[in-house]
Colleague: 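I'd like to ask you about the structure that follows.
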Amino acid sequence: MKELPKAYEPQKYEDNIYKRWEESGFFNPDNCKKAGFIDESKGSFSMVLPPPNVTGTLHIGHASMLAIEDLVTRYKRMSGFETLWLPGTDHAAIATQTKVEKLLIEKGIKDPKNELGREKFLAEVEKFAQESHDTIVDQCKKMGSSMDWSREAYTLDDARNLAVRTVFKKMYDDGLIYRGYRLVNWCPRCKSTLADDEVEHKEQIAKLYTFKYSADFPIAIATTRPETKLGDTALAVNPADERYAKYIGQEFLVKNFGGGADLKIKIIGEESIDMNFGTGALGVTPAHSATDYEMAQRNKLEIIKIIDEDGLMTKEAGEKYLGTAVKAARAQVVEWLKENNLLEKEEEIPNNLSICYRCGYAIEPLPSRQWFVDVNKEFVLANSAIEGIKSGDKVTLKKLMQQVVTNKQIEIIPDRFEKTYFHWINNLRDWCISRQIWYGHRIPVWYKNEEIFVGVEAPATEGWTQDSDTLDTWFSSGLWTFSTLGWPNNTADLKTFHPTSLLETGYDILFFWVARMILMTTYTLGQIPFEKVYLHGLVRDEKGRKMSKSLGNVINPLDTIAEFGADATRLSLLLGNTPGNDLKLSQEKVEGFRNFTNKLWNISRFMLLNIPEPKLDVKLPEAKTLFDEWILQQLNDTLNQVNANLDGYHFSAAGELLRVFTWDLLADWYLEIAKIEGDKSEILNYILNTLLKLWHPFMPFVTEQIWSEIYGTDKILMVEKWPQLHREPFLEEQIFADTKLIRDIIAGIRMLRSENKIEPVKKLNALIGAGTKLELLQSNSEIIKALARLENLEISSQATKSTTAVGFVEGGIEVFIDLAGVVDMEKEKERLKKELESITKYIAGIEGKLNNAEFAQNAPASVIEKEKEKLAEAQEKMVKLKKQIQ
RNA sequence: GGGCAGUUAGCUCAGUUGGUUAGAGCACCUCGUUUACACCGAGGGGGUCAAAGGUUCGAAUCCUUUACUGCCCACCA
């Protein structure tokens with residue numbers, strides 16, 4: 001017989017348990033296979049960790065992700081799948097470089113990149129990335145993540161670099177990667193391009209200026225950015241606009257606009273122009289606005305770049321403006337307009353500012369020579385495992401991305417995100433993949449004079465210079481499901497684990513990452529990257545606000561782990577959390593689950609005291625009493641429903657079911673009954689054994705600790721077999737009804753006690769008129785006596801109420817408690833009257849329903865039958881209540 | 001402007017295909033230390049399921065409209 005300490009202290013055990021798991025080697029599926037833990041018929045289950053950015057530490061959102069993924073991994077592993085959860089980190093190019101620059105500037109290096117140079121600067125970044133990586137790994141372990149560290153990958157390591165170069169070369173050869181001079185999103189602070197979806201919009205109040213280019217120009221325009229008008233080459237009006245239509249096709253020469261540039265303005269017709277906004281006319285600046293750029297393409301307009309990569313005006317804007325910052329130039333142009341009496345109006349309007357999602361700086365659209373992935377170009381997909389596309393078919397990247405979700409080869413959970421996904425793809429434009437930063441995969445392109453060489457390896461001959469740009473970080477993370485499994489080498493891992501089974505990630509990176517993995521994998525392998533996508537929401541504070549340093553509402557997972565334990569932290573992130581929805585988290589919630597881990601600990605503590613010889617090898621024990629039968633069936637049903645919910649990705653529901661079984665059924669009822677019925681060693685052992693397995697994926701630490709306290713440390717719970725159903729699920733109705741009656745009688749007596757303010761120490765005498773339930777109640781009378789705290793209990797088929805007794809009616813039987821002198825009988829009568837009132841109303845309702853001819857005609861027989869039963873029961877209760885009130 | 005969610009007890013949320021008198025946890029109130037657990041036990045109060053209309057024998061659940069909240073996309077220059 002073992003005895004556990006009174007309270008569970010997670011801090012004492014967690015680190016040691018993780019070490020034991022790690023040393024066992026069973027995070028690695030190869031070792032599970034060798035040890036015979038794998039059920040060949042189940043196949044494999046694989047999942048990659050969405051690699052956290054090496055920009056710092058993990059936050060509570062990561063903790064939520066880890067909790068969900070570890071839950072699934074442990075469930076699958078115990079169920080016999082060859083289970084791989086593959087960890088890694090992401091170099092997060094711009095984000096990491098920006099962060100390190102900031103840190104270096106704080107250290108006093110004013111212009112880190114220029115002062116240190118590429119090599120030294122990159123060494124600093126790598127040092128920082130390594131430190132971040134170590135912290136992240138440590139945090140994953142603190143959460144209990146059962147990842148296979150032996151397969152850990154980094155988006156910027158050599159193996160991944162080979163994959164990146166190989167894919168780049170393949171795409172270039174297929175004509176899908178091209179270099180072009182096009183309008184891109186430029187962040188003047190990061191000094192780099194950004195992809196379309198890396199641009200965010202922030203609402204602000206802007207000044208809208210209305211003016212004419214010159215005094216004799218026929219049409220006025222309105223703009224929030226007058227300085228860009230120095231690069232205008234057209235003026236667009238709606239062809240349906242009677243005021244302006246006559247000018248379409250005409251060209252005007254504007255001399256010395258803004259005191260700087262001569263403009264050639266062509267009037268063009270564009271149906272997208274809103275006649276009611278501003279003056280109904282738009283000055284077209286092809287080089288610095290995406291929509292204007294498109295108009296320029298359609299109308300074959302000249303594209304004049306007047307803002308450069310540093311956010312300064314170019315000489316095209318005129319000598320006066322050369323080298324002037326954009327904002328200063330704006331002020332100068334406005335000043336000039338005023339001086340020349342051209343400014344007609346100046347007003348404030350709400351406006352969306354485009355900003356860089358990494359640094360928040362205003363984006364400057366400008367034309368630039370960059371590398372792009374063409375999403376609309378046709379190519380031949382040599383080997384296709386995609387339903388609806390045959391090997392050798394001509395496809396586009398867009399088509400591939402659509403097809404795998406349309407044909408349900410990839411299922412997105414919750415499915416409403418499929419709409420979002422399709423909408424995004426339909427509007428997808430070519431993807432700019434070159435970045436002018438240093439930390440990242442260098443573009444595998446070399447130049448020698450006019451020659452270009454694209455290859456996996458550098459050219460063999462002399463005199464070549466490699467492109468100085470690096471690739472968008474999502475280019476490499478797009479390869480993540482297969483680059484981590486060894487591609488381009490033809491590895492066993494690829495064969496066993498790809499396509500992966502599940503991708504679990506946040507809905508906020510559906511486009512950034514999920515869509516790009518689909519693009520890259522379908523293109524490169526002709527396969528889907530994963531079968532299911534489970535999208536989780538954001539973790540917010542208790543008021544639903546985003547957690548942020550400035551609000552001071554950040555919950556750090558390491559803090560809650562230190563205070564309440566990793567299990568409590570995990571439960572607080574798993575329960576009450578549904579796919580695609582944000583989760584509100586508070587300290588109190590974690591605390592509540594800490595209480596639950598302690599409850600489980602104490603349940604085990606009690607059970608162990610009653611299990612003289614715990615046996616690891618459990619068989620279904622024999623049920624000796626009604627409640628034995630009941631609890632075993634409840635356990636079986638719970639297992640059945642937990643399986644269904646876990647398989648259906650309803651993690652919260654599964655946990656909730658387990659909680660109800662553990663606390664409400666087992667602890668509050670069965671264990672109390674076991675104290676009375678005695679000698680339950682075998683059943684308790686069976687229940688505890690099963691229960692620990694079921695809880696393990698949710699709270700691995702406390703379950704593992706209890707397990708080792710019971711069975712020693714030789715056997716690890718993590719690799720125990722998931723329990724099997726021992727019979728057809730669904731409780732036998734008779735057992736359910738009988739146990740419910742007994743529990744209701746006990747609860748009823750407790751209620752009378754409580755309402756009449758009788759202390760629990762005072763034992764009472766009770767009389768039960770059992771009717772047809774005589775035998776049942778007699779055989780369980782000890783339970784009723786003990787749990788309702790009765791001195792004497794008399795059970796007969798008929799009972800008559802004495803004048804000093806109060807009573808209640810439950811499921812066709814009558815219960816009377818002799819309360820001579822203790823109770824205010826009048827008050828008790830009041831209570832009964834109230835109950836009678838409510839049951840009379842209830843009966844009227846059912847009668848009304850049953851007497852309704854249409855109900856009788858239309859409702860299914862089973863429903864009618866149920867209603868009739870309810871009515872009979874209620875009527876019986878009413879009769880008895882009436883008698884009691886007399 | 002387009003789209004997607006949500007609105008159920010003071011708070012956080014369940015409520016599967018319409019069919020018990022709408023549930024749980026926390027909080028609140030009352031009582032309690034009967035030894036697994038006060039990180040606990042027993043009991044209780046609290047909801048016209050956002051509003052209106054409709055379909056139906058029957059609606060928290062399906063449909064329509066409205067209001068509010070949140071998010072995503074596009075973008076007005």
Side-chain angles (χ1 to χ4, degrees), chain A residues 3-4 6-8 197 201 208 221-225 228 236 272-274 276-279 281-285 289-292 349-352 354 414 416-417 419-420 423-424 427 507-508 510-511 537-538 542-544 564 568 575-578 580-586 588-589 591-610 648 650 652-653 656 659-660 664 667-668 671-672 675 747 750-755 757-761 786-787 789 838-839 841-842 845-846 849 852-860 862-864 866-867 869-870 874:
Chain A
E3 196 166 340
L4 301 180
K6 236 179 160 177
Y8 175 61
D197 48 5
H201 303 281
L208 181 70
I221 54 167
T223 181
T224 53
R225 299 198 56 187
T228 63
S272 62
I273 299 296
D274 181 352
N276 299 315
F277 186 89
T279 63
L282 167 73
V284 181
T285 320
S289 151
T291 46
D292 293 11
I349 57 154
N351 183 259
N352 271 330
S354 298
R416 65 183 136 96
F417 282 102
K419 265 192 191 171
T420 322
H423 183 254
W424 183 78
N427 294 306
Y507 65 70
D508 52 329
L510 178 62
F511 306 139
L538 296 161
E542 68 266 278
K543 289 179 187 141
F564 303 114
L575 272 72
N577 192 358
T578 44
N581 293 324
D582 293 350
L583 174 77
K584 287 182 193 135
L585 186 71
S586 60
E588 291 72 40
K589 194 175 174 191
E591 202 179 323
F593 285 109
R594 185 273 316 265
N595 296 354
F596 181 70
T597 57
N598 190 58
K599 185 74 183 178
L600 183 69
W601 178 264
N602 271 289
I603 287 170
S604 308
R605 181 171 131 91
F606 171 76
M607 288 170 92
L608 274 180
L609 291 171
N610 291 280
H650 307 300
S652 181
E656 190 57 32
R659 197 189 55 74
V660 168
D664 300 351
D668 288 349
L671 293 187
E672 292 305 319
K675 286 177 190 170
R750 284 170 172 172
M751 188 193 73
L752 281 181
R753 268 180 179 287
S754 175
E755 294 220 320
K757 313 240 185 288
I758 306 163
E759 314 98 69
V761 257
L787 296 187
R789 302 194 55 74
S838 102
I839 196 122
K841 242 198 225 159
Y842 177 53
I846 302 180
K849 206 186 261 187
N852 183 335
E854 282 176 287
F855 173 76
Q857 211 167 33
N858 293 317
S862 63
V863 172
I864 295 175
K866 249 196 219 161
E867 292 294 319
E869 272 171 37
K870 270 159 41 184

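Keep in mind it's a predicted model, so treat the numbers as computed, not measured. These numbers come from the heavy atoms of this one structure, side chains and all, not from hydrogens, waters or symmetry mates. Note on naming: letters A, B, ... go to the chains in the order of the sequence lines (proteins, then strands), and numbering restarts at 1 for each one.
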Colleague: Does A:K675 make a side-chain N or O approach to OP1 or OP2 of B:U35 shorter than 4.0 Å?
Modeller: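 False: A:K675 side-chain N/O out of range (4.0 Å or more) of B:U35 OP1/OP2.
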Colleague: So A:K841, base contact, sugar-phosphate only, or nothing? Heavy-atom distance under 4.0 Å.
Modeller: nothing
Colleague: Sequence neighbours left out, what passes salt bridge (Lys or Arg N to Asp or Glu O under 4.0 Å) with A:R225? Give chain and number order.
Modeller: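 Counting only residues at least two positions away or on another chain, A:R225 forms a salt bridge (Lys or Arg N to Asp or Glu O under 4.0 Å) with A:E227, A:E364.
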Colleague: Below 3.5 Å between N/O atoms, which protein atoms pair up with nucleotides 72-77 of chain B? Just atom names and distances, please.
Modeller:
residue: B:C75; atom: N3; partner: A:N352; partner atom: ND2; Å: 2.6
residue: B:C75; atom: N4; partner: A:N352; partner atom: ND2; Å: 2.5
residue: B:C76; atom: OP1; partner: A:T291; partner atom: OG1; Å: 3.2
residue: B:C76; atom: O2; partner: A:D274; partner atom: OD2; Å: 3.4
residue: B:A77; atom: OP1; partner: A:N351; partner atom: ND2; Å: 2.2
residue: B:A77; atom: OP2; partner: A:N351; partner atom: ND2; Å: 3.1
residue: B:A77; atom: O5'; partner: A:N351; partner atom: ND2; Å: 3.0
residue: B:A77; atom: O3'; partner: A:T223; partner atom: OG1; Å: 2.8
residue: B:A77; atom: O3'; partner: A:T224; partner atom: N; Å: 3.2
residue: B:A77; atom: N6; partner: A:D274; partner atom: O; Å: 2.5
residue: B:A77; atom: N6; partner: A:F277; partner atom: O; Å: 3.0
residue: B:A77; atom: N1; partner: A:D274; partner atom: N; Å: 3.3

Colleague: Return a single string for nucleotides 28-34 of chain B, one symbol per nucleotide in 5' to 3' order, where B is base contact, S is sugar-phosphate-only contact and - is none, cutoff 4.0 angstrom on heavy atoms.
Modeller: --S---B
Colleague: Can you see which heavy atom on A:T285 is nearest to which on A:T228, and at what distance?
Modeller: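 The pair with the smallest heavy-atom distance is CG2-O, 3.2 Å.
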Colleague: Over how many whole Å does the gap from A:N602 atom CG to B:G41 atom P extend?
Modeller: 10 Å
Colleague: Tell me whether the side-chain N/O atoms of A:N595 come closer than 4.0 Å to OP1 or OP2 in B:C40.
Modeller: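 Looking at the OP1 and OP2 atoms of B:C40, one of them is under 4.0 Å from a side-chain N or O of A:N595.
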Colleague: Quick one, A:S604 and A:M607 - any side-chain contact, counting heavy atoms below 4.5 Å?
Modeller: no
Colleague: Does any N or O donor sit under 3.5 Å from an N or O acceptor when you compare the side chain of A:R605 with the base of B:C37?
Modeller: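 Checked by distance alone, the answer is no.
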Colleague: Can you tell if the side chain of A:T420 reaches within under 4.5 Å of the side chain of A:R416, non-hydrogen atoms only?
Modeller: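 Side-chain contact under 4.5 Å: no.
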Colleague: Can you tell me how far C1' of B:G41 sits from CG of A:L671, to the nearest Å?
Modeller: 13 Å
Colleague: Taking atom P of B:C37 as reference, at what distance in whole Å does atom NZ of A:K6 sit?
Modeller: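 Spelled out: NZ on A:K6 to P on B:C37 is 4 Å.
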Colleague: Which whole-number value in Å describes the distance from A:M607 CE to B:C37 P?
Modeller: 16 Å
Colleague: Does A:E672 get its side chain close enough to the base of B:A36, under 3.5 Å, for a donor-acceptor pair?
Modeller: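 Pair found.
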Colleague: Within the 4.5 Å heavy-atom criterion, are A:F596 and A:L575 side-chain neighbours or not?
Modeller: no
Colleague: Show the nearest heavy-atom pair for residues A:E867 and A:F855, with the distance to one decimal.
Modeller: CG-CZ, 4.0 Å
Colleague: Where do A:A222 and A:G278 come nearest, in terms of heavy atoms and distance?
Modeller: CB-CA, 4.1 Å
Colleague: Taking only residues two or more places apart in sequence or in another chain, which ones pass side-chain hydrogen bond (donor to acceptor under 3.5 Å, both in side chains) with A:T291?
Modeller: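 Counting only residues at least two positions away or on another chain, A:T291 forms a side-chain hydrogen bond (donor to acceptor under 3.5 Å, both in side chains) with A:S289.
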Colleague: Between B:U21 and B:G25, how far apart are the C1' atoms? Round to whole Å, please.
Modeller: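 Each nucleotide's C1' atom is 23 Å from the other's.
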Colleague: B:U35 P sits how many Å from A:N610 CG, rounded?
Modeller: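 Rounded to whole Å, this separation is 14 Å.
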Colleague: Just the dot-bracket of RNA chain B, please: which string comes out with Watson-Crick or G-U pairs under 3.5 Å, [ ] for crossing, | for another strand?
Modeller: ((((((((.[[[[.)...(...]]]].(((((.......))))).....[[[[[..)....]]]]])))))))....
Colleague: So A:D197 and A:W424, side chain to side chain contact (heavy atoms under 4.5 Å, CB included) or not? Walk me through it.
Modeller: CA-CA 10 Å; A:D197 48 5; A:W424 183 78; 3.5 Å; yes
Colleague: Taking the side chain as C-beta and beyond, is there a heavy-atom pair between A:R605 and A:Y8 under 4.5 Å?
Modeller: no
Colleague: Rounding to an integer number of Å, can you tell me how far A:D668 CG sits from B:A24 C1'?
Modeller: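 After rounding, the reported distance stands at 14 Å.
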Colleague: Please measure how far the P atom in B:A9 lies from the corresponding atom in B:A60, and state the result in whole Å.
Modeller: 15 Å
Colleague: Would you classify A:A786 as touching base, sugar-phosphate or nothing, given that sugar-phosphate means primed atoms plus P, OP1 and OP2, and contacts are heavy atoms under 4.0 Å?
Modeller: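 Nothing, no heavy atom under 4.0 Å.
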Colleague: If you go through the side-chain atoms of A:K599, does one of them form a donor-acceptor pair with the base of B:C37 closer than 3.5 Å?
Modeller: yes
Colleague: In Å and rounded to the nearest 0.5 Å, what is the OG1 to CG distance from A:T223 to A:L282?
Modeller: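 Between atom OG1 of A:T223 and atom CG of A:L282 there are 8.0 Å.
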Colleague: Can you find a pair of side-chain heavy atoms, one from A:N598 and one from A:F564, that are under 4.5 Å apart?
Modeller: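 Answer no - side chains too far apart.
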Colleague: Report, as a single string ordered 5' to 3', how protein heavy atoms within less than 4.0 Å touch nucleotides 10-22 of chain B: B base, S sugar-phosphate only, - not at all.
Modeller: --SSS----BSB-
Colleague: Check every strand shown and say whether A:R594 touches a base, only sugar-phosphate, or nothing at a heavy-atom separation below 4.0 Å.
Modeller: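 Base contact.
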Colleague: Send over the distance from A:M751 CE to B:G45 C1', rounded to a whole Å.
Modeller: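 Result: 14 Å.
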Colleague: For B:G70 and B:U8, measure between their P atoms and round to the nearest Å.
Modeller: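 That atom pair is separated by 15 Å.
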Colleague: Can A:K675 and A:N610 be said to form a side chain to side chain contact (heavy atoms under 4.5 Å, CB included), step by step?
Modeller: CA-CA 9 Å; A:K675 286 177 190 170; A:N610 291 280; over 6 Å; no
Colleague: Touch check for A:R753, heavy atoms < 4.0 angstrom, all strands: base, sugar-phosphate only, or nothing?
Modeller: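 A:R753: no heavy atom of the nucleic acid under 4.0 Å.
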Colleague: Please report the distance, rounded to the nearest Å, between CZ in A:F596 and P in B:C40.
Modeller: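 Interatomic distance, CZ of A:F596 to P of B:C40: 11 Å.
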